Amino acid sequence: MNRPVLLVIAHGSRDPRHAATVQALVRRAGALRPGLRVETAFLDFNLPSVPGVLDRLAADGVREVVALPLLLTRAFHAKADIPAVLRQAPPSLGIRQAEVLGPSPLLIAAVERRLYEAGLTPADKSATGVVLASAGSTDPEAIAVIAETARELRRTGWCSVRPAFASASLPRTEDAVRALRSEPGVRRVAVAPYVIAPGRLPDRIAAGAAGADVLADVLGPSPELARLLLERYDGARAVDGTVARTA
């Protein structure tokens with residue numbers, strides 16, 4: 001039986017590092033599942049576009065697609081933009097929209113991987129405060145998910161974890177760094193960007209981390225994220241129903 005195509009949908013950015021990182025992540029996921037056709041598309045700024053890839057898949061005779069939003073929280077893009085563009089797909093395509101990536105224990109593991117790669121060790125946890133710095137959102141659901149992710153990261157043994165945001169929400173990264181400095185038991189402060197790929201907002205996070213001792217890298221093409229793409233793909237396949245089309 002032919003498996004549905006996995007279509008990973010990223011936001012896109014004017015920063016060329018963004019698309020390169022997304023493509024590297026998607027390639028890594030595809031390598032974990034030989035024989036699975038995996039495609040990448042972007043909502044804005046980069047090519048290929050989502051409509052362009054959907055048209056090409058239909059022309060290739062593909063009948064089933066799992067569309068995976070490459071997003072950490074379920075905010076406006078996942079709730080509105082992506083469903084809207086998927087509803088305009090060729091009628092021959094059956095499309096299921098997978099869940100966004102977060103929350104997931106695999107994301108916690110990816111954050112910790114980046115912190116260790118930046119020079120920390122598990123032995124440093126009890127004396128290290130971590131700023132979990134995300135892009136930011138005006139969506140209360142997304143903000144709540146980031147706050148809960150920070151709590152989950154704290155439960156793995158870090159001295160303290162505070163969420164921060166590069167836009168739309170407060171506190172900013174630099175404010176969270178200062179707050180952690182004053183907490184009892186915190187002897188060093190690390191900033192962990194809770195973003196997938198480089199770009200304008202991750203650069204803002206890095207600038208706000210100037211007062212920290214450690215700045216981790218973005219999540220990027222980590223093995224945990226690659227596994228998570230396939231986990232969300234499998235979850236969507238197990239659920240009945242396709243994207244509702246407009247009349």
Side-chain angles (χ1 to χ4, degrees), residues 1-13 15-102 104 106-107 110 135 142 195-197 199 218-246:
M1 183 177 69
N2 289 332
R3 289 180 287 186
V5 170
L6 170 57
L7 173 59
V8 179
I9 301 177
H11 180 271
S13 171
D15 190 319
R17 298 173 297 168
H18 175 91
T21 301
V22 168
Q23 297 286 7
L25 172 59
V26 173
R27 285 194 300 271
R28 187 162 202 167
L32 294 175
R33 190 72 60 89
L36 173 64
R37 181 172 176 178
V38 185
E39 299 279 351
T40 309
F42 298 90
L43 285 174
D44 205 355
F45 302 117
N46 303 107
L47 294 174
S49 68
V50 179
V53 173
L54 292 173
D55 287 345
R56 174 161 51 82
L57 291 174
D60 289 347
V62 171
R63 291 294 174 262
E64 290 188 85
V65 175
V66 170
L68 171 58
L70 195 65
L71 301 168
L72 297 176
T73 60
R74 195 171 170 273
F76 184 79
H77 293 306
K79 293 177 180 179
D81 287 346
I82 291 176
V85 73
L86 293 179
R87 283 195 292 269
Q88 304 306 313
S92 61
L93 290 177
I95 302 176
R96 302 181 187 191
Q97 182 174 329
E99 293 294 330
V100 297
L101 300 182
S104 168
L106 286 170
L107 289 172
V195 292
I196 294 173
V218 299
L219 300 177
S222 66
E224 293 83 5
L225 252 67
R227 287 169 52 201
L228 185 53
L229 297 191
L230 297 177
E231 188 176 286
R232 292 292 185 255
Y233 170 81
D234 292 337
R237 289 189 67 193
V239 176
D240 291 332
T242 58
V243 172
R245 304 296 182 119
T246 55

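In this text the structure is predicted, and so the values were computed from the model without any measurement.
Contacts of D44 classified as side chain to side chain donor-acceptor pair (under 3.5 Å), with partners at least two apart in sequence or in another chain: none. Scored by the side chain to side chain contact (heavy atoms under 4.5 Å, CB included) test, V85 finds L43, V50, P51 as partners (sequence neighbours excluded). With sequence neighbours left out, the side chain to side chain donor-acceptor pair (under 3.5 Å) criterion links Q23 to T40. Residues satisfying the side chain to side chain contact (heavy atoms under 4.5 Å, CB included) test with S13, not counting sequence neighbours, are D15, H18. By the side chain to side chain contact (heavy atoms under 4.5 Å, CB included) test, A58 pairs with P90, S92, L93, sequence neighbours left out.
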Item to complete: Would you check, one step at a time, whether the test side chain to side chain contact (heavy atoms under 4.5 Å, CB included) holds for V5 with V38?
Response: CA-CA 6 Å; V5 170; V38 185; over 6 Å; no

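With values rounded to the nearest 0.5 angstrom, R232 atom CZ is found 12.0 Å from R227 atom CZ. Atom-to-atom distance recorded for D234:CG and L229:CG is 11.0 Å, nearest 0.5 angstrom. Atom CD1 of I9 is separated from atom CG of L70 by 10.0 Å, given to the nearest 0.5 angstrom. Taken to the nearest 0.5 Å, the CG atom of L101 stands 10.0 Å off from the CG atom of L106.
Applying the salt bridge (charged side-chain N to carboxylate O under 4.0 Å, His left out) test to pairs two or more places apart or on separate chains, those with a residue in residues 67-80 are R74-E141, K79-D139, K79-E141. Within the structure, no pair that satisfies the ring pair (Phe, Tyr, Trp, His ring centres under 6.0 Å) test touches residues 37-73, not counting sequence neighbours. Applying the ring pair (Phe, Tyr, Trp, His ring centres under 6.0 Å) definition to pairs two or more places apart or across chains, those involving residues 66-86 are H11-H77. Screening residues 45-58 for side-chain hydrogen bond (donor to acceptor under 3.5 Å, both in side chains) gives E39-R56 as the qualifying pairs, with residues at least two apart or on separate chains. Residues in residues 58-70 take part in these side-chain hydrogen bond (donor to acceptor under 3.5 Å, both in side chains) pairs, two or more places apart or across chains: R37-D60.
A donor-acceptor pair under 3.5 Å links the side-chain atoms of Q97 to the main chain of A78, judged by distance alone.
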Can you give me every donor-acceptor pair (side chain of residues 219-226, partner residue at least two apart or in another chain, under 3.5 Å) with its distance?
from, atom 1, to, atom 2, distance (Å)
S222, OG, L225, N, 3.2
E224, OE1, R113, NE, 2.9
E224, OE2, R113, NE, 2.9
E224, OE2, R113, NH2, 3.0

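Considering only heavy atoms from C-beta on, P4 stays 4.5 Å or farther from R96 through its side chain.
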